[in-house]
Engineer: 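Before anything else, here's the structure in question.
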Amino acid sequence: MKNAFEPDLYELLEIERDASPTELERAYRITRAAWADDSLATYSLFGEDDAAAVRERLDRAYEVLSDPERRARYDASLGGPPPAPDEGVPAPELVERPVAPAQVEPEITGFEGFEDSDDDPYDGARLRRARMRHGIGIDRIAEVTKINPTYLRFLEEEQFDDLPAAVYVRGFVTAYARCVGLDPARVVPPFMERLRAAREPEPGGRPERR
Amino acid sequence: VAGGKGGVGKTFLSANLGVVLARAGRRVVAVDTDLEGANLHTWLGVPHPSASLSDYVAGREPDLTRLALETPVPGLRLVAATHSHLATPQPDAERRVELLLALRRLPCDYVVVDCGAGAHAATVDYFLSGDESLIVMHPEPTSVENAYGFLRAAFFRCMEVAMRKDEVRARVREAMDQRNTRGIRTPGDLLREVEAMDPEEGRRFVETMRRFAPRIVVNEVESAEDVKLGFQVRLVCRRFFGVEADYLGYVNRDDAVREAVLARRPLLDVRPQSDAAIYVRRIARKLLEGGR
């Protein structure tokens, strides 16, 4: 009988038996972070030695499961249903993806009920909400889009005065929206309208600051 | 709605969840059980409540329904917790049971119970009596630490109530002391002890453990890492406590919340389109849908 307090390697990493290598990788990153030295989630419960012991177990689980041969042997030792058939072919995403910048691989999946609805305004906060829901940091978006992270923050905060000319902002919003899985065609026009409205009262009609 | 630590947003969330539910057409009563630090009335725009839960606790008013005051929000009433008897703020165990039953009998669709800080026995009982038990935390070490402390207290209290044999209950009470001499550190340790004492109680323990399902809310998140904290806490609950917590959601840090409290009105009224308001609506929607 299975003991609730002694997980197998899959349970240790919180994944299903048929988890793909990508899922395994993501799960390993998240669980590893939970038991990191400075982790908020565990520091008050575990001493450094305890946390190190857990990290070691996670590392070992990852080591075994990320190696197809060792994983197959481990699966056999677990008994139960046979492992899912190996797909063999590499993921076709690489070929199908549009030219950069594409969507950034979400670091959080399966978190339901926090999607934006059509009633919510397409504003800077919405960009940030989409980013947060996917667990993606500003720096990651900066890395993919090559846009200065400061400008990305200005987009989220709608600090329109600190952003460059509208034509650049349009590019920024388009790239950002793609990164977090939003459709630029829906995001960009209302966002640019907000920018225009915010800049309009400025006398002289020159929106750029520098 | 509990949280262990003070100032993490329990009252903010209680008040505004109440507002969302009322706006969705439900009859809601928001109850402030923080008899030592009542605030809920202020978040709801009721400046000087004319009645208080303490009237019920002290036996001055036997009918809880009559303490539910109108608020500026249609469909939302409030049982405030002002002018409390500070020497004995919380009801004793017997009165508490009556209160919990009275809360269940309130003529409404939802009762939102705002708990005070700390892990007082009464606070834990309010937390455990709900159909949903929300635990609010900040993405800060102090808050996470207190949230675990609270969950631990709630877990052991839940077990103490569920166990039927006196000697098993005594063992559970012993385990509540974190420095107990038997070396019981985790619910897993306790389960092994209980199983050894009485297999029947052991089964009841496991059954109760399954029903203990707190729902985590991380408040004032500022980064993607803060958002992930909820998943990590859920993971720790599963591994360390053997408890299936649910990550209900998070609320972004938002200046609009401060604006609302300074205006002494619900955020959902002052800044309905603000980020924080949108997140609160989302949490309410998840609660209404009932899924996990």
Side-chain angles (χ1 to χ4, degrees), chain A residues 3-7 11-14 26-27 29-36 38-46 50-51 54 57-58 104 106-117 119-121 123-129 131-141 156-157 180, chain B residues 137-149 152 185-189 191-192 206 209-210 218 221-243 247-250 252 254 256 273-276 278-279 281-283 285-287 289 291-292:
Chain A
N3 182 334
F5 294 96
E6 277 162 34
E11 287 168 336
L12 203 59
L13 291 167
E14 308 268 312
R26 186 186 297 133
R29 269 210 311 271
I30 287 199
T31 47
R32 193 72 164 63
W35 269 276
D38 55 352
S39 164
L40 271 184
T42 50
Y43 104 97
S44 63
L45 289 178
F46 301 92
D50 289 340
V54 175
R57 285 168 67 198
L58 290 171
V104 174
E107 293 181 31
I108 294 172
T109 56
F111 189 68
E112 305 281 332
F114 261 50
E115 302 79 8
D116 276 287
S117 69
D119 315 336
D120 299 322
D123 55 6
R126 183 168 192 160
L127 291 174
R128 180 177 51 217
R129 284 198 299 275
R131 176 172 71 74
M132 300 279 242
R133 192 164 62 80
H134 290 132
I136 303 167
I138 280 266
D139 293 345
R140 181 77 185 109
I141 296 194
E156 291 185 349
E157 302 293 335
V180 296
Chain B
M137 63 185 77
H138 267 172
E140 285 164 9
T142 43
S143 169
V144 176
E145 188 171 12
N146 289 6
Y148 284 137
R152 192 187 142 89
R185 284 183 61 213
T186 70
D189 297 340
L191 172 59
R192 278 185 283 275
V206 172
M209 201 162 85
R210 283 211 189 95
V218 185
V221 304
E222 294 195 59
S223 68
E225 291 313 304
D226 292 346
V227 171
K228 289 178 197 162
L229 175 67
F231 291 102
Q232 297 173 344
V233 169
R234 188 179 71 182
L235 194 92
V236 169
C237 281
R238 192 178 302 162
R239 285 287 158 265
F240 185 65
F241 293 108
V243 159
Y247 186 11
L248 180 59
Y250 52 90
N252 207 22
D254 188 341
Q273 287 306 318
S274 66
D275 226 16
I278 287 174
Y279 282 115
R281 278 201 291 274
R282 237 150 258 179
I283 289 170
R285 191 173 63 198
K286 279 181 87 167
L287 286 171
E289 283 166 0
R292 288 232 156 189

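It should be emphasised that the depicted structure is a prediction, and the values quoted were computed from it without experimental measurement. Below, chain A is the first sequence line, B the second, and so on; all start at residue 1.
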Engineer: Where on A:D139 is there a heavy atom nearer than 4.5 Å to chain B: the side chain, the backbone, both, or neither?
Structural biologist: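 Neither; nothing under 4.5 Å.
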Engineer: Would you give the length of the straight line joining atom CD of B:E225 to atom CD of A:E107, rounded to the nearest 0.5 angstrom?
Structural biologist: 7.0 Å
Engineer: Once rounded to the nearest 0.5 Å, what's the spacing between atom OG of B:S223 and atom CZ of A:R128?
Structural biologist: 11.5 Å
Engineer: Top residue by heavy-atom pair count (under 4.5 Å) with chain A, among B:L229, B:V233, B:D254?
Structural biologist: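 Option with the top pair count is B:L229.
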Engineer: What residue, out of A:A34, A:P121, A:A41, has the most heavy-atom pairs lying under 4.5 Å from chain B?
Structural biologist: A:A41
Engineer: Is it the backbone or the side chain of A:L40 that comes under 4.5 Å from a heavy atom of chain B, or both, or neither?
Structural biologist: both
Engineer: Does the side chain of A:T42 come within less than 4.5 Å of B:Q232's, by heavy atoms?
Structural biologist: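 Not in contact.
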Engineer: To the nearest 0.5 Å, what is the distance between CD1 on A:I108 and CZ on B:F231?
Structural biologist: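 A:I108 CD1 to B:F231 CZ: 4.5 Å, rounded to 0.5 Å.
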Engineer: What I'd like to find out is whether the side chain of A:R133 reaches to under 4.5 Å of the side chain of B:R282, using heavy atoms alone.
Structural biologist: no
Engineer: What part of B:V206 lies closer than 4.5 angstrom to a heavy atom of chain A: side chain, backbone, both or neither?
Structural biologist: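 No part of it gets close to chain A.
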Engineer: Closer than 4.0 angstrom, basic N to acidic O: yes or no for A:D119 and B:R281?
Structural biologist: no
Engineer: Identify which of B:K228, B:M137, B:E140, B:R152 forms the greatest number of heavy-atom pairs closer than 4.5 Å to chain A.
Structural biologist: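 That would be B:K228.
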Engineer: Do the rings of A:F111 and B:Y250 sit parallel, tilted or perpendicular, given the 30° and 60° boundaries?
Structural biologist: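 It falls in the parallel class, under 30°.
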Engineer: What pair of heavy atoms forms the shortest contact from A:F114 to B:L248, and how long is it?
Structural biologist: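 Nearest pair, atom of A:F114 first, then B:L248: CE1-O, 3.7 Å.
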Engineer: Could you look at A:D116 and say if it's the side chain, the backbone, both or neither that has a heavy atom under 4.5 Å from chain B?
Structural biologist: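 For A:D116, backbone and side chain are both near chain B.
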Engineer: Nearest 0.5 Å please: distance from the CZ atom of B:R239 over to the CD atom of A:E14.
Structural biologist: 5.0 Å
Engineer: Do B:D275 and A:M132 have side chains that get closer than 4.5 Å, going by heavy atoms?
Structural biologist: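 Contact flag for B:D275/A:M132 side chains = no.
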Engineer: Is it the case that the side chain of B:K286 and the backbone of A:E112 share a donor-acceptor pair, with hydrogens and angles ignored and the cut-off at 3.5 Å?
Structural biologist: yes
Engineer: Which heavy atom in B:A224 sits nearest to a heavy atom in A:G135, and how many Å separate them?
Structural biologist: CB-C, 3.4 Å
Engineer: Please state whether the side chain, the backbone, both or neither of B:N252 comes within less than 4.5 Å of a heavy atom of chain A.
Structural biologist: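 Side chain only.
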